[in-house]
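Because the structure is a prediction, the values reported are computed rather than measured.
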Amino acid sequence: MLDSPAGEPPRDELVQLLDPAGTRTEHPLYEPYVADATGERLLSLYEDMVVVRRLDVEATALQRQGELGLWPPLLGQEAAQVGSARALRDDDFVFPSYRENGVAYCRGVEPRDLLRVWRGTSQSGWDPYAVSMATPAIVIGAQTLHAVGYAVGCRRDGVDTAAVTYFGDGATTQGDVNEAMVFAASFGAPVVFFCQNNHWAISEPVGLQAQRPIAERAPGFGIPSVRVDGNDVLAVLAVTRWALERAHRGDGPTFIEAVTYRMGPHTTSDDPTRYVDPLQREEWAGKDPIARLEAHLRAQGVLTEQAEARVAARADEVAAAFRAGCTSLPQPAPLSIFDHVYAEPHVGLDRQRSQQAAYLRSIGEVAE
């Protein structure tokens, strides 16, 4: 076993507080971080995961029906996203990839705003400053550098705000992610690197590029790391609170590897049946994050029939608003694609806008 600094878990340990059967376990380091996660608090996390899964299924259906151009499903990763998002303070800033729709929901992004980019009606879905969360980053790993830059700025401003950046296991092979960790360690940036190891980089298994646990890479940069059961919402909440506590008090960056599984396709343009072993998928289905918390809540007498009906009604309500919001999104004006590209007027962009307007007029389209 690798040596770990005092107060940190062993680096080859997988932190778990709720096993796949829903049985609660104890952990000496992380127990205090979830002392409040009982009863209604756990039921709230359960509702978040049920609603997030319902939104994800609804969005996939919308894409299949031609209402969206593309959608990146998060099926199976609800605990990793909800647990980490609910650990954040309002002023902490999130830099996501393109799959963190569950995090966005928890940060208060309006459901239909999740769809703007994927429907092609906007270049971004929401005002980042209104919810302290940047819009999705499509370039793999680029958001990690943005997060570190923001975190360094927070430190120089003398505030205790933290940044959190999400990425997948495949992104850890990108130069941007490694460069971000170099800068974070060098400048003591208050940033949490949150890697959702869902076992697949599109169609390539994680074992192709990671012969050892991904969390072992961070200490090489001087960054403490932890591996957590990414299907255990309670454990994810605990380790993220621990990492954020380090960032808020000025102890620098932390790397979290949430070990989970992508139960669906990489995006709706992908066919995972071509490369996923059905037995492996069946094994991970037995570790379903919602089912495990549901079993625990039933055993505790918290998830009553009334509570379950309330959660289901909430999921139905949000899904209906989600679908209605999608189909009612207004079509953008043709030339609005040039809006908000630069903060200040730009001669080159003005020229391109003028040329596009002339082209639209030449084919009988109205240029607005």
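- One finds the CG atom of Asp91 at 7.0 Å from the OG atom of Ser132 (value rounded to the nearest 0.5 Å).
- Side chain of Arg99 to main chain of Pro73: a donor-acceptor pair is present (N/O by atom type, distance under 3.5 Å, no hydrogens or angles).
- Arg249 has a carboxylate O that lies under 4.0 Å from a charged side-chain N of Glu245, or vice versa, which qualifies the two as a salt bridge.
- Counting only heavy atoms from C-beta outward, the side chains of Cys326 and Leu68 approach each other to under 4.5 Å.
- Nearest approach of Ala61 to Arg323, heavy atoms of both residues: CB-NH2, 4.1 Å.
- Nearest heavy atoms, Gly230 versus Ala79: O-CB, 3.5 Å.
- Put simply, Val191 and Phe95 are part of two different groups of oily side chains (I, L, V, M, F, W, Y) that touch within less than 4.5 Å, one to the next.
- The number of heavy atoms from other shown groups lying within 6.0 Å of CZ (Phe338) is above 12.
- Proximity of a side-chain donor or acceptor of Ser354 to a complementary backbone N or O of Arg351 within less than 3.5 Å is not detected.
- Grouping the Ile, Leu, Val, Met, Phe, Trp and Tyr side chains by contacts below 4.5 angstrom, directly or via other members, places Leu74 apart from Val57.
- Shown are Glu283, Arg281, Gln280; of these, the side chain to side chain donor-acceptor pair (under 3.5 Å) with Tyr261 is made only by Gln280.
- Under the 4.5 Å side-chain criterion, counting only non-hydrogen atoms from C-beta, Pro190 is in contact with Arg155.
- Using a distance-only test at 3.5 Å, with no hydrogens or angles considered, no donor-acceptor pair links the side chain of Arg246 to the main chain of Pro224.
- Using modelled atom types, no side-chain atom of Glu204 and backbone atom of Trp200 make a donor-acceptor pair closer than 3.5 Å.
- Counting heavy atoms from C-beta outward, Ile337 and Pro332 have side chains that stay 4.5 Å or more apart.
- With hydrophobic clusters built from ILVMFWY side chains whose heavy atoms lie under 4.5 angstrom apart, Val182 shares a cluster with Ile223.
- Judged by distance alone, with hydrogens and angles left aside, the side-chain atoms of Thr135 form no donor-acceptor pair with the main-chain N or O of Gly125 at under 3.5 Å.
- Within a 6.0 Å radius of CZ in Phe183, no more than 12 heavy atoms belonging to other residues, nucleotides or ligands are found.
- A side chain to side chain contact (heavy atoms under 4.5 Å, CB included) with Val239 is found for one member of Thr254, Val226, Leu29 and no other, namely Val226.
- Not one N or O on the side chain of Arg227 forms a donor-acceptor pair closer than 3.5 Å with the backbone of Val259.
- Checked by atom type, the side-chain pair Asn197/Glu257 shows a donor-acceptor distance below 3.5 Å.
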>> side chain to side chain contact (heavy atoms under 4.5 Å, CB included) for Ser124 and His340? Distances and angles first, verdict last.
In response: CA-CA 10 Å; Ser124 64; His340 312 299; over 6 Å; no

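- Annotation: Asp36, atom CG; neighbour count of heavy atoms from other residues, nucleotides and ligands within 6.0 Å is above 12.
- At distances below 3.5 Å, at least one donor-acceptor pair connects side-chain atoms of Arg292 with backbone N or O atoms of Lys287.
- Across all non-hydrogen atoms, the minimal contact from Val148 to Ala180 is CG2-O, 3.5 Å.
- Hydrophobic clustering (ILVMFWY, side-chain heavy atoms < 4.5 Å, transitive): Val192 and Phe93 are in distinct clusters.
- The backbone N or O of Gln16 sits nowhere less than 3.5 Å from a side-chain atom of Asp232 that would complete a donor-acceptor pair.
- Classification of the His27-Tyr30 ring pair by plane angle, with boundaries at 30° and 60°, yields tilted.
- Test Phe194, Tyr150, Phe193 against Thr165 for side chain to side chain contact (heavy atoms under 4.5 Å, CB included) and you get one pass: Phe193.
- Neither side chain, Arg353 nor His346, offers a donor N or O lying under 3.5 Å from an acceptor on the other.
- Within the 4.5 Å cutoff, the side chain of Cys106 has no heavy atoms near those of the Met133 side chain.
- A salt bridge links Glu67 to Arg119: at least one charged side-chain nitrogen sits closer than 4.0 Å to a carboxylate oxygen.
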> Taking it one step at a time, do Leu303 and Tyr46 satisfy side chain to side chain contact (heavy atoms under 4.5 Å, CB included)?
Replying inline: CA-CA 9 Å; Leu303 189 61; Tyr46 173 76; 3.8 Å; yes

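- In this structure, the side chains of Leu17 and Arg24 come closer than 4.5 Å at one or more pairs of heavy atoms.
- Here the side chain of Asp288 pairs no donor or acceptor atom with the backbone of Trp284 at under 3.5 angstrom.
- Residue Tyr275 qualifies as enclosed at atom OH: its count of foreign heavy atoms under 6.0 Å is above 12.
- Within 6.0 Å of CD on Gln211 lie more than 12 heavy atoms contributed by other residues, nucleotides or ligands.
- When side chains are defined from C-beta on, Val164 counts as touching Leu244, because their heavy atoms get closer than 4.5 Å.
- By the 4.5 Å heavy-atom criterion applied to side chains, Leu360 and Leu335 are counted as neighbours.
- A side-chain donor-acceptor contact under 3.5 Å links Thr260 and Asn231.
- Val341 and Val139 fall into different hydrophobic clusters, where Ile, Leu, Val, Met, Phe, Trp and Tyr side chains are chained together by heavy-atom contacts under 4.5 Å.
- Side chain of Arg41 to backbone of Ala35: no donor-acceptor contact under 3.5 angstrom is found.
- Salt bridge absent: Glu110 and Arg116 never bring a charged side-chain N and a carboxylate O closer than 4.0 Å.
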>> Using side chain to side chain contact (heavy atoms under 4.5 Å, CB included), reason through Arg107 and Leu88 one step at a time and then give a plain yes or no.
In response: CA-CA 9 Å; Arg107 294 302 274 172; Leu88 297 166; 3.5 Å; yes

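- Neither side chain, Thr267 nor Tyr98, offers a donor N or O lying under 3.5 Å from an acceptor on the other.
- Looking only at atom types and distance, the side chain of Tyr105 has no donor-acceptor partner in the side chain of Gln81 under 3.5 Å away.
- Arg217 has its side chain within reach of Thr172: a pair of non-hydrogen atoms, C-beta onward, lies under 4.5 Å apart.
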> Under the side chain to side chain contact (heavy atoms under 4.5 Å, CB included) criterion, do Arg112 and Leu329 qualify, and how do the steps go?
Replying inline: CA-CA 8 Å; Arg112 79 168 188 168; Leu329 285 171; 3.9 Å; yes

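- Closest heavy-atom contact between Ala295 and Ala21: CB-O, 3.6 Å.
- Closest approach of Leu114 and Ala104 over heavy atoms only: CD2-CB, 3.5 Å.
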